[in-house]
Visitor: 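Structure in structure tokens, see below.
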Amino acid sequence: MQTERLITLTPADWLIVALYFAAIIGIGFYLKRFADRKEDFFEAGRRNGVWVAGLAFVSANLGAIEMLGWSGGTVKYGMLVSHFYWIGAVPAMIFLGLYMMPFYYSTRIHSVPGYLLLRFDERTRLLSAFSFAIMTVLMSGVNLYLMALVFRTILGWNWDVSIWSSAAAVACYITLGGLLSAIFTEVIQFFLIWFGLFLVSILGIMDLGGLGRVFQGLPPEMSRLWADTGHASGNAMGVNWFGLAMGVGFVLSFGFWTTDFLLVQRAFTAKDLRTARLTPILASFFKMFLPFIVVVSGLVAYRLIARGDLPDSILKNPDSTLPYLIARYYPPGLIGLGITALLAGFMAGQAGNVSAFNTVWTFDIYQALRKTKATDAHLVKVGRITTLIGILISVAAAYAAKSFPTIMDFLQAIFSWVNAPLFATMLLGMFWKRTTSPAAFWGLLAGMITSFGIFLGFRLHLWGPGATYALTFSDRPSDMARNLWQAIWAWSMTLLVTLAITMATRPKEERLLIGLVRGLVPTERGAGANGDDAAIGTGKARGIAAVREPWLGRPGFWACMALALVVILNLIFW
Amino acid sequence: MKNPLNQPTHKRMISIWTWVGLVLAVYGGLVFICGVYYMSNPVAVRGHHPGLWWGGVMILASLWFLYAGKKETV
């Protein structure tokens, strides 16, 4: 590990960092009085407008791991990284808003596993809830671990102080305000990230003499999105166009954006169904423009390395790209702002995972196993205790990661283990009324086992050249390519097993699926608490809503705009 | 559009946009002051003083958010 610190903070920088801690803890204490009911603690009151919910939605995915990881990823893979922001995010977010949110929001569930209980059965919900709970606390721990690692490397901060101080701050404001606190800090974090890190790209472009000069000095395969994907060997990622479209553009992105409760929970805080549907669609616009921070800074770093202005050691440790650029371009004061933006990203990543964990644990595991109905006060108390336990497990995971350097690979496997198979289950459950409960459970389990089996095979070098090519369509797939194909196989296995068992088992009666499956509409108008049920997944109901809403307020209009923009961006950088 | 976090049906809450505005105002002010104090500090992009103009941009943005928070609009 590097012992020489990259950046030295001035007193002004320290003041900026300290003020952030004071602000988020102060907000936690302020919001406690508004988070006494379970609706407030676990769902932020379900009264947010589209801007708050949309910014929180995109911020929940805008952690420092993403900023550091993808700016470094751009140094390795070039413009291909933009796929994860455009085709790998926008279509899935639009699909969530237009087609899946009506089922999620209108059934008044507290979590994604809650939908599985209504649509299928308890064991499918528990399988999903346990796997999600494990994933969230591990992700929270990895946020802590990476934060300590990054700040020790670039600032020389003490490992234990970094972990315990940030864990204590997050524990404080999430225990006090629950999801309400998480959403407030996520919105603030969104602006801190843009104001704290976008300037890196601007100054880099100025340094190199304009955006055109940044691209002029790049190898062709670093500056194109699709032109070099005819064969896996034609690009640095080692994946062909089908792997990109199917893996990034479909299985991984739809699996992540439509079933990851950490994200969907932000849309659950919306005040009504239309706002909930607009939430991921609005967020897709913000997501679309993030490459202007992440990818542009990575390309600037690549050019600076090529001309000797940055050390080529970055190529061995690409995650240090952004800190190197901050050290190069930022004067005192702005360094504090940049470091605070990263710190906010790490802490928000931890807080988002812990707030999702406390909801899933309280409603889908504790309440499910307890069997009896609990009071609001009891559930909020359980949620607060769960938050503290989740934080402690996160700290333990962070220390475990310190002595287990391959944990990042393990976590990437968990993503394809949990999200990719779950997407196949959700897709069949929401859009095919014939799908049965045993099929959903065994299909989900089979997908999870497939994903983890492929991962273990690669880790333990069990796959020979023939098997490797059969699994990834590449002789030498990168880690990224392996993850993509792992997700594709897991999704396919879930789909096939679910289809096969469905054909051999008896489906639920249609009356039990009303409001849960596309095409099965409640017969009495306004059956739900706020009348949203009338709009569940039906063209007719959406037509009624469309007549009442001006076109500027319609989710479909903004979805078309987002899709058109993504197509244009792909054509520009083809 | 009314900010739902400030709707009268619930306990009165300071708008989230006010918090965003406060954070940007304080940070923008500090960055601007540092920009003035460290004007002679050499940075890679010579001739530019990012602390000065970026701090100014943040202060302007903070005014917008403070206004939005006061008007309880989003």
Side-chain angles (χ1 to χ4, degrees), chain A residues 10 12-13 15-16 19-20 23-24 26-27 30-31 33-34 36 40 44-53 55-56 180 183-185 187-188 190-192 194-196 198-199 202-208 269-272 275 304 309 325 327-337 340, chain B residues 1-62 64-66 68-69 72-74:
Chain A
T10 63
D13 299 317
L15 177 63
I16 288 174
L19 280 173
Y20 181 71
I24 57 171
I27 287 173
Y30 174 72
L31 291 177
R33 77 193 73 169
F34 302 100
D36 293 334
D40 297 318
R46 278 208 176 200
R47 56 182 182 277
N48 283 339
V50 67
W51 286 99
V52 173
L55 288 174
L180 201 55
I183 287 193
F184 262 68
T185 49
V187 172
I188 291 172
F190 176 85
F191 292 102
L192 277 180
W194 271 97
F195 280 103
F198 185 41
L199 189 59
I202 295 174
L203 294 176
I205 290 169
M206 289 166 70
D207 189 17
L208 292 173
T269 70
K271 61 185 175 181
D272 54 33
T275 307
L304 292 176
D309 287 339
L325 290 172
R328 175 178 172 82
Y329 290 130
Y330 278 11
L334 274 172
I335 285 181
L337 187 64
T340 302
Chain B
M1 182 166 36
K2 288 289 280 183
N3 182 351
L5 288 173
N6 288 329
Q7 281 180 357
T9 52
H10 200 67
K11 296 171 198 169
R12 180 81 180 166
M13 188 189 296
I14 296 173
S15 166
I16 193 166
W17 306 119
T18 303
W19 290 103
V20 172
L22 284 172
V23 168
L24 291 182
V26 171
Y27 280 175
L30 281 169
V31 166
F32 184 82
I33 291 167
C34 286
V36 173
Y37 187 79
Y38 291 104
M39 268 186 90
S40 59
N41 192 55
V43 290
V45 189
R46 292 182 186 279
H48 297 281
H49 299 285
L52 284 180
W53 53 266
W54 197 248
V57 168
M58 290 179 72
I59 291 169
L60 284 177
S62 76
W64 164 256
F65 285 109
L66 288 170
E72 298 183 3
T73 57
V74 291

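Lettering of chains follows the sequences in order, A, B, ..., and the numbering in each one begins at 1. Bear in mind that the values here come from a model prediction, so they are computed numbers and not experimental data.
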Visitor: Checking B:Phe65 against chain A: side chain, backbone, both or neither under 4.5 Å from a heavy atom?
Guide: side chain
Visitor: Select one option (side chain, backbone, both, neither) describing which atoms of A:Thr275 are under 4.5 Å from chain B's heavy atoms.
Guide: neither
Visitor: So what's closer than 4.5 Å to chain B heavy atoms on A:Leu55: side chain, backbone, both or neither?
Guide: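 For A:Leu55, the contact with chain B is made by the side chain alone.
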Visitor: Strictly distance-based, threshold 3.5 Å: is any side-chain N or O of B:Trp17 a donor or acceptor partner for the main-chain N or O of B:Trp64?
Guide: no
Visitor: Could you check A:Phe195 against B:Val57 for side-chain contact (heavy atoms from CB on, under 4.5 Å), going step by step and ending with a plain yes or no?
Guide: CA-CA 9 Å; A:Phe195 280 103; B:Val57 168; 4.0 Å; yes
Visitor: Would you sort out whether A:Leu203 and A:Leu325 count as a side-chain contact (heavy atoms from CB on, under 4.5 Å), showing the intermediate values?
Guide: CA-CA 9 Å; A:Leu203 294 176; A:Leu325 290 172; over 6 Å; no
Visitor: What part of B:Leu24 is in contact with chain A, defined as an atom under 4.5 angstrom from a non-hydrogen atom: side chain, backbone, both or neither?
Guide: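 Answer is side chain: those atoms of B:Leu24 sit under 4.5 Å from chain A.
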Visitor: Counting only heavy atoms closer than 4.5 Å, note whether A:Ile16 contacts chain B via side chain, backbone, both or neither.
Guide: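 Both the backbone and the side chain of A:Ile16 come within 4.5 Å of chain B.
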Visitor: With only heavy atoms counted, which part of A:Tyr30 is less than 4.5 Å from chain B, the side chain, the backbone, both or neither?
Guide: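 The side chain, not the backbone.
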Visitor: Does any part of the side chain of B:Cys34, heavy atoms only, come nearer than 4.5 Å to the side chain of A:Leu334, both counted from C-beta?
Guide: no
Visitor: Between A:Asp40 and A:Arg47, does at least one N-O distance fall below 4.0 Å, as a salt bridge requires?
Guide: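 Yes, charged N to carboxylate O under 4.0 Å.
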Visitor: Go through it in stages, so that I can follow the logic: the residues are B:Ile16 and A:Asn48, the test is side-chain contact (heavy atoms from CB on, under 4.5 Å), and I'd like the CA-CA distance, side-chain angles, deciding distance and then a yes or no.
Guide: CA-CA 11 Å; B:Ile16 193 166; A:Asn48 283 339; over 6 Å; no
Visitor: In terms of heavy-atom pairs under 4.5 Å, which option from A:Thr10, A:Leu192, A:Leu199 contacts chain B the most?
Guide: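 Maximum pair count with chain B is reached by A:Leu199.
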Visitor: Counting only heavy atoms closer than 4.5 Å, note whether A:Ile202 contacts chain B via side chain, backbone, both or neither.
Guide: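 Only the side chain of A:Ile202 comes within 4.5 Å of chain B.
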